[in-house]
Protein chains: 2
Amino acid sequence: MDRTARHSETRYGNRPTMKDVAARAGVGLKTVSRVVNSEPGVTPDTERRVQEAIDALGFRRNDSARVLRKGRTASIGLVLEDLADPFYGPLSRAVEEVARAHGALLINGSSAEDPEREQELVLALCARRVDGLIVIPAGDDHRYLEPEIKAGIATVFVDRPAGHVDVDMVLSDSFGGAREGVAHLIAHGHRRIGFIGDQPRIHTATERLRGYHAAMRDAGITVEDGWVSLGSTEPERVRTAAEEMLSGPEPVTALFAGNNRVTVTAVRVIAERERPVALVGFDDIELADLLGITVISQDASAVGRTAAEHLFRRLDGADHAPARVELPTTLIPRGSGELPPA
Amino acid sequence: MDRTARHSETRYGNRPTMKDVAARAGVGLKTVSRVVNSEPGVTPDTERRVQEAIDALGFRRNDSARVLRKGRTASIGLVLEDLADPFYGPLSRAVEEVARAHGALLINGSSAEDPEREQELVLALCARRVDGLIVIPAGDDHRYLEPEIKAGIATVFVDRPAGHVDVDMVLSDSFGGAREGVAHLIAHGHRRIGFIGDQPRIHTATERLRGYHAAMRDAGITVEDGWVSLGSTEPERVRTAAEEMLSGPEPVTALFAGNNRVTVTAVRVIAERERPVALVGFDDIELADLLGITVISQDASAVGRTAAEHLFRRLDGADHAPARVELPTTLIPRGSGELPPA
DNA sequence: TAGGCCCTGGACAACGTTGTCAAGAGGATG
DNA sequence: CATCCTCTTGACAACGTTGTCCAGGGCCTA
């Protein structure tokens with residue numbers, strides 16, 4: 001078996017190349033390229049011959065080679081926390097739509113809230129030479145991105161800020177949203193309000209906690225020990241936290257849930273209780289209207305769209321200083337946040 | 001400006017290449033390649049020098065070039081209907097996990113239930129020379145895939161069968177699930193049962209309808225005009241259909257909802273009614289437990305995982321005849337399906 | 001000390017495409 | 001009829017990597 005034959009085994013199952021098409025059509029290689037790319041300067045007759053050869057052989061341009069030659073991959077990378085989380089579905093979809101409008105494909109991966117995995121993914125995407133990168137960071141130090149950014153990979157951070165690198169960011173107003181939600185509970189007569197949030201190393205978690213504290217301080221309420229719980233959003237952990245806050249001689253009369261996962265568990269815990277407990281949750285949830293859950297809603301689609309649009313503006317040459325956009329949140333009263341203290 | 005300089009503008013922002021690293025480390029190109037790929041045959045001292053050069057220059061291997069040379073991209077494509085649909089989130093996540101375990105990245109796109117867009121996406125992925133393809137088809141004719149499959153791109157269809165091509169498929173038992181759900185309603189005394197499903201060109205929609213008819217026939221019930229409605233799952237359409245079935249002199253006493261989107265709207269319509277209406281929905285929904293919605297649950301993660309595992313088995317060389325796997329569904333009684341007829 | 005072997009390292013071609021450039025055909029113009 | 005121009009076409013190099021193969025140096029053995 002000669003070398004050529006051995007090689008061909010490793011190739012894409014012997015796909016036809018432009019050379020094969022050219023041979024079959026009896027034209028030059030470059031002419032095929034021109035036809036494939038709809039470049040001008042090919043007579044209709046030649047074009048037809050080439051097109052026939054393409055169809056007969058089932059030729060499909062190899063974009064890997066094209067990318068190598070052109071330097072642009074027409075693809076962007078999206079690193080998020082968990083594709084299965086209902087918050088990120090609409091976000092990815094929005095990113096995808098913008099990418100599509102710019103003729104780019106979307107490569108995405110989940111970091112599972114693990115900084116190492118985030119870095120691994122980001123670097124894999126950079127090795128693919130994606131044109132741009134949208135990252136929902138898990139870690140808080142992104143200096144590993146410096147060579148990439150310097151090399152011209154446009155980058156936008158979303159939902160949480162980047163650590164130690166100067167890049168575009170698109171965030172939701174976690175602080176303001178949480179403050180408004182807690183103030184809403186206070187306005188309905190609550191003073192003993194619990195806060196259950198995500199792990200403190202996550203920026204949005206601490207921002208929302210800051211909003212909680214701000215609202216309490218504005219109302220002159222002293223936050224007592226045991227009213228605040230930050231940690232994993234595993235149902236078990238949240239359940240325990242909620243039950244503790246709702247027990248004892250002086251339980252809280254209302255809960256503020258730091259994100260959609262917390263809200264879901266909180267709703268379940270509250271449903272098991274006799275005494276009504278007011279609840280406001282951060283992030284909207286499907287069917288929350290039917291369950292009457294008051295939420296602070298952030299528009300995941302808008303976040304994704306904004307981020308992607310920023311990215312493509314960069315790719316189209318915008319070179320202003322990195323910007324930080326903060327999108328507003330909306331309070332949607334549906335009942336659970338308007339219950340008076342029991 | 002000479003040619004070299006002009007060229008470099010179009011390159012990846014002048015990223016260092018192995019050649020640059022080799023020059024800086026004072027070694028040959030191939031030696032750098034060996035270090036980067038952890039190939040044997042490099043003295044520790046040489047390796048150290050190369051590694052230093054890599055770090056100093058911020059070199060990152062260009063996988064496009066690598067792919068071109070090696071013929072494998074270590075990436076798979078996933079074409080689904082809508083990334084934002086809560087059914088597909090866990091499915092993509094499961095696919096991603098399997099891909100990750102095999103060192104592959106995931107490129108995905110939404111067809112938005114448009115056959116043309118599906119084809120466009122699939123072909124774009126093939127042009128990228130993804131190693132494999134997982135497709136949740138929108139169209140019903142996939143002969144356009146023939147050259148790709150012949151060229152060795154492993155392909156698995158999911159959730160719906162492929163049209164006119166012989167490939168692996170992983171489906172849920174739509175027929176059996178719907179039949180069980182409808183039989184459940186019949187067992188609780190219902191005879192006038194409405195069915196609201198997705199567009200009839202979607203395979204799962206007609207399979208579920210077939211299950212409905214089978215259950216009705218088994219019970220000796222004649223399905224009356226107006227009890228069945230197939231069409232878009234837009235809330236407007238579903239709402240109208242549901243309201244019609246629930247109105248008039250002889251309204252249905254129970255509804256079977258053909259998928260998660262239909263269920264959500266049906267729940268809303270029923271909630272507005274005075275008379276209770278029984279409901280069983282296909283697909284589980286978040287918080288359905290709290291709302292007491294009885295569902296036929298299909299395990300989206302399992303579907304995704306199974307499909308991805310099939311795919312990688314193919315990529316690892318399995319060449320048995322294409323298989324068709326059908327995963328079972330589970331009925332989860334939560335109250336809405338156990339209501340007696342009003 | 002000569003001969004053989006192993007280990008390290010590098011030169012070179014190839015992967016499939018696109019940019020550059022030049023050549024040839026054919027028509028228009030003087 | 002000569003010249004110039006336009007239009008189409010193809011030869012060739014280059015993109016950055018990896019597989020193959022060969023060369024040179026060091027070590028062991030006879």
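A note on names: the letters A, B, ... follow the listed sequences, proteins ahead of strands, and every chain is numbered from 1.
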**Q** Nearest whole angstrom, please: distance from the C1' of C:dA13 to the NZ of B:Lys30.
**A**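 That distance rounds to 12 Å.
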**Q** Any base atoms under 4.0 Å from B:Asp63, or only sugar-phosphate, or nothing? Heavy atoms, all strands.
**A**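 It contacts nothing in the nucleic acid.
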**Q** Quick one: is D:dT18 close enough that its OP1 or OP2 comes under 4.0 Å of any side-chain N or O from B:Ser33?
**A**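 Checking B:Ser33 against D:dT18: at least one side-chain N or O falls below 4.0 Å of OP1 or OP2.
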**Q** Closest nucleotide of DNA chain C for B:Ala65 versus for B:Pro44: which of these residues is on the 5' side?
**A**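 That would be B:Pro44.
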**Q** Rounded to whole Å, please give me the gap between CG in A:Leu68 and P in D:dA13.
**A**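 The answer, rounded to whole Å, is 17 Å.
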**Q** Tell me: NZ of B:Lys19 to C1' of C:dG10, nearest whole Å?
**A**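 Answer to the nearest Å: 14 Å.
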**Q** When you measure from the side-chain N and O atoms of A:Lys70 to the phosphate of D:dA14, is any distance below 4.0 Å, counting only OP1 and OP2?
**A**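 Answer is no, no contact under 4.0 Å.
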**Q** Reckon B:Thr43 has a side-chain N or O less than 4.0 Å from the OP1 or OP2 of C:dG9?
**A**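 Yes, because at least one side-chain N or O of B:Thr43 sits under 4.0 Å from OP1 or OP2 of C:dG9.
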**Q** What integer distance in Å separates B:Asp45:CG from C:dC7:C1'?
**A**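 That distance rounds to 15 Å.
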**Q** Using a cut-off of strictly less than 4.0 Å, decide whether A:Arg129 has a side-chain nitrogen or oxygen near OP1 or OP2 of D:dG16.
**A**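 The answer is no; no side-chain N or O of A:Arg129 sits under 4.0 Å from OP1 or OP2.
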**Q** Expressed in angstrom and rounded to an integer, what is the separation of A:Met18 atom CE from D:dT9 atom P?
**A**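 Rounding to the nearest Å, CE of A:Met18 and P of D:dT9 are 16 Å apart.
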**Q** B:His164 and B:Glu146: side-chain donor and acceptor closer than 3.5 Å?
**A**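 Side chains of B:His164 and B:Glu146: no pair found under 3.5 Å.
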**Q** B:Leu29 has an atom CG; how far is it from atom P of C:dA11, in whole Å?
**A**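 Interatomic distance, CG of B:Leu29 to P of C:dA11: 9 Å.
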**Q** Between B:Asp45 and B:Arg49, does any NZ, NE, NH1 or NH2 come within less than 4.0 Å of an OD or OE carboxylate oxygen?
**A**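 The answer is yes: the pair qualifies as a salt bridge.
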**Q** Tell me the interatomic distance from A:Asn62, atom CG, to C:dT18, atom C1', rounded to whole angstroms.
**A**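 About 13 Å, once rounded to whole Å.
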**Q** Would you say the side-chain atoms of B:Asp141 pair up with the backbone N or O of B:Arg143, donor to acceptor, closer than 3.5 Å?
**A**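 Yes; at least one donor-acceptor contact below 3.5 Å.
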**Q** Given D:dT18, C:dT18, C:dT8, identify the nucleotide with an atom nearest to the side chain of A:Asn37.
**A**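 So the side chain of A:Asn37 is nearest to C:dT18.
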**Q** Looking at B:Asp131 and B:Ala74, would you say the former's side chain and the latter's main chain have a donor-acceptor pair under 3.5 Å?
**A**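 Looks like yes, one N/O pair under 3.5 Å.
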**Q** Using a heavy-atom cut-off of under 4.0 Å over every strand shown, decide if A:Val36 touches base, sugar-phosphate, or nothing.
**A**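 Result for A:Val36 = nothing.
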**Q** Separation of B:Glu39 atom CD from D:dT18 atom C1', in whole Å?
**A**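 So the two atoms are 8 Å apart, to the nearest Å.
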**Q** For a quick check under 3.5 Å, do A:Asn62 and B:Arg128 share a side-chain donor-acceptor pair by atom type?
**A**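 No pair is found: no donor N or O on one side chain lies under 3.5 Å from an acceptor on the other.
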**Q** Does any N or O donor sit under 3.5 Å from an N or O acceptor when you compare the side chain of A:Arg69 with the base of C:dT17?
**A**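 Check fails, no donor-acceptor contact within cut-off.
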**Q** On the nucleotide D:dG16, are OP1 or OP2 found under 4.0 Å from the side-chain N or O atoms that B:Ser64 carries?
**A**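 Negative; the distance criterion is not met.
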**Q** For D:dG10, take OP1 and OP2 only and decide whether either is under 4.0 Å from a side-chain N or O of A:Thr31.
**A**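 Yes, within the criterion.
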**Q** Will you find, in the side chains of A:Glu96 and B:Ser110, an N or O donor that is under 3.5 Å from an N or O acceptor?
**A**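 The answer is yes; a qualifying pair exists.
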**Q** Looking at D:dT9, I'd like to know if its phosphate oxygens (OP1 or OP2) sit under 4.0 Å from a side-chain N or O belonging to A:Thr46.
**A**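 Checking A:Thr46 against D:dT9: at least one side-chain N or O falls below 4.0 Å of OP1 or OP2.
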**Q** Starting at the 5' end of DNA chain D and moving along, which residue's nearest nucleotide shows up first, B:Arg34 or B:Arg60?
**A**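 The residue closer to the strand's 5' end, by nearest nucleotide, is B:Arg60.
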